[in-house]
Amino acid sequence: MPDNRAPTARCGRLWIDLSALARNYAAIAARVAPATAAAVVKADAYGLGSGPVASALWDAGCRRFFVAHLDEALAIRDELPPQAELIVLNGLPPGVEPLCARHEIVPVLNSLGQAERWAETARALDRRLPAVLQLDSGMSRLGLAPEDDVRLAHDDRFRQAVDLRLVMSHLASSGTPGSEANAMQIAAFDRLAAAFPGIPRSLANSGGAFLAAPYHKDVVRAGIALYGGSPSGDPADALEPVVRLDARVVQVRTVPEGTGVGYDLTHRCTRPTRIATIGVGYADGLPRTLGNRGAAWFDGRRLPILGRVSMDSITLDVSDLPAGQPAEGDWVEIIGPHQPVDVLARDAGTISYEILTSLGHRYDRHYLPFAGVNSGRPA
Ligand SMILES: *Cc1c(COP(=O)(O)O)cnc(C)c1O
């Protein structure tokens with residue numbers, strides 16, 4: 001896949017495999033059927049590019065897309081056929097309701113205020129407007145409190161103005177299958193959603209898709225699993241990898257025993273050490289917490305990070321590789337077959353979500369195409 005001869009002026013190369021993404025979508029859809037799988041493409045599709053990602057998912061059969069903010073929905077509205085349902089998880093700040101309605105985008109109503117303003121907008125436009133209602137089943141982040149839930153359910157003016165497409169809630173601990181919180185939340189959700197008979201339901205994110213069938217309800221909202229990250233953080237629980245990241249070696253030199261490396265000289269060489277400096281750093285989304293902990297890979301060998309992560313560079317110990325390897329201009333693997341995103345995340349003390357959404361804008365991005373089950377385009 002990577003062509004090592006292709007010149008690039010950039011510090012790193014990011015491959016996004018849209019056919020792996022499509023296979024992950026198909027795997028989740030098959031797992032949760034007869035529930036349908038929707039895609040969460042917020043935060044620029046977890047850093048991978050919401051335009052190409054959403055288009056590939058549409059070709060893979062996905063018809064419903066969740067984003068966090070209205071502008072994220074507007075950014076992909078024209079990338080997708082008009083039948084695509086775009087849903088804004090955080091709902092609408094006051095005043096943007098008409099813009100949302102004009103673009104046929106569906107807000108999540110998280111509070112009585114959001115619900116009231118959306119109903120008013122519908123009345124002003126003299127048409128029913130679609131919405132998703134979020135109920136707080138125990139995470140205390142977004143959604144209606146139980147008393148407000150009952151109030152809205154019986155508010156005829158609201159129900160006439162707003163076409164409820166879905167009632168939803170969000171699991172706090174779906175990445176921990178044995179957590180009691182899951183059982184508590186599904187019981188709370190079932191109780192609260194009973195106020196809305198006949199309206200389809202949604203509770204599960206990626207982690208929830210791997211819980212038992214009762215968690216799947218009618219619609220599963222899959223994010224990280226589509227992108228090859230593991231909902232539990234255990235790399236063994238991930239679907240197919242979607243991302244590969246390589247960085248370029250900018251310099252290689254040998255320093256004597258006792259030499260300090262990087263800012264504050266936090267690593268002291270205990271032997272003569274050959275150091276390869278690669279041209280990516282925390283400005284490219286590689287957390288400073290990888291300093292003296294993480295690694296890159298070259299030719300099947302793990303190259304430990306020595307010293308701190310700088311803004312634009314990282315120093316690697318390449319002493320154990322044969323002389324002359326790697327050479328200046330060679331590429332080392334940061335995320336790929338030897339080092340899944342969840343392993344990098346664990347070394348950094350974080351989660352794959354944060355690694356992916358932090359991927360910087362300095363990489364040369366390559367999308368490996370997905371031919372599409374419906375598109376008829378050649379592979
Ligand atoms: C981000 C988000 C998701 C997707 O979560 P993953 O763990 O990435 O699958 C689903 N639902 C809501 C409400 C979210 O905020």
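Each ligand, and each atom within it, is numbered from 1 in the order the structure gives.
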Item to complete: Give yes or no for whether the N/O distance cutoff of 3.5 Å, strictly under, is met between Ala222 and ligand 1.
Response: no
Fill in: Pairs satisfying salt bridge (charged side-chain N to carboxylate O under 4.0 Å, His left out), at least one member in residues 138-159, at least two apart
none
Worksheet entry | Close-contact set for ligand 1 against Met168 heavy atoms, below 4.0 Å | 13 (C)
Item to complete: Sort out for me which residue in Asp136, Leu89, Asn90, Val108 forms a side chain to side chain contact (heavy atoms under 4.5 Å, CB included) with Leu142.
Response: Asn90
Worksheet item: Among protein heavy atoms, which sits nearest to atom 5 (O) of ligand 1, and what does the distance come to when rounded to 0.1 Å?
Response: Asn205 CB, 3.4 Å
Worksheet item: Does a donor on one side chain and an acceptor on the other come within less than 3.5 Å for Glu97 and Thr121?
Response: no
Worksheet item: Starting from atom 7 (O) of ligand 1, which protein heavy atom do you reach first, and at what distance in Å?
Response: Tyr353 OH, 2.6 Å
Worksheet item: Would you say ligand 1 has an N or O under 3.5 Å from any N or O of Ile224?
Response: yes
Worksheet item: Between Val40 and ligand 1, which residue portion shows a heavy-atom distance shorter than 4.0 Å: side chain, backbone, both, or neither?
Response: side chain
Item to complete: For the pair Arg268 and Thr259, evaluate side chain to side chain donor-acceptor pair (under 3.5 Å) and give the outcome as yes or no after the intermediate values.
Response: CA-CA 6 Å; Arg268 283 276 164 198; Thr259 308; over 6 Å; no
Response to the item:
Under 4.0 Å between heavy atoms, the region of Arg221 that gets near ligand 1 turns out to be both
Item to complete: With atom 6 (P) of ligand 1 as the reference point, say which of Tyr46, Phe66, Tyr227 has the nearest heavy atom.
Response: Tyr46
Item to complete: Given side chain to side chain donor-acceptor pair (under 3.5 Å), test Asp237 with Ser232 step by step and report yes or no.
Response: CA-CA 7 Å; Asp237 294 336; Ser232 67; 2.5 Å; yes
Discussion item. I need the nearest protein heavy-atom contact for atom 9 (O) of ligand 1: residue, atom name and distance, please.
Written reply: Ser206 OG, 2.5 Å
Practice prompt. Give the residue, atom name and distance (to 0.1 Å) of the protein heavy atom nearest atom 13 (C) of ligand 1.
Written response: His170 ND1, 3.5 Å
Worksheet item: So which pairs with a foot in residues 226-246 pass ring pair (Phe, Tyr, Trp, His ring centres under 6.0 Å), sequence neighbours left out?
Response: Tyr46-Tyr227
Worksheet item: What do you reckon, is CE of Met184 surrounded by more than 12 foreign heavy atoms closer than 6.0 Å?
Response: no
Worksheet item: Under the 3.5 angstrom rule, does the side chain of Asp330 hit a backbone N or O of Val249 as a donor-acceptor pair?
Response: no
Item to complete: Answer yes or no for Arg141: is there a heavy-atom contact with ligand 1 below 4.0 Å?
Response: yes
Item to complete: Any atoms of ligand 1 less than 4.0 Å from a non-hydrogen atom of Lys42? List them with their elements.
Response: 1 (C), 2 (C), 3 (C), 14 (C), 15 (O)
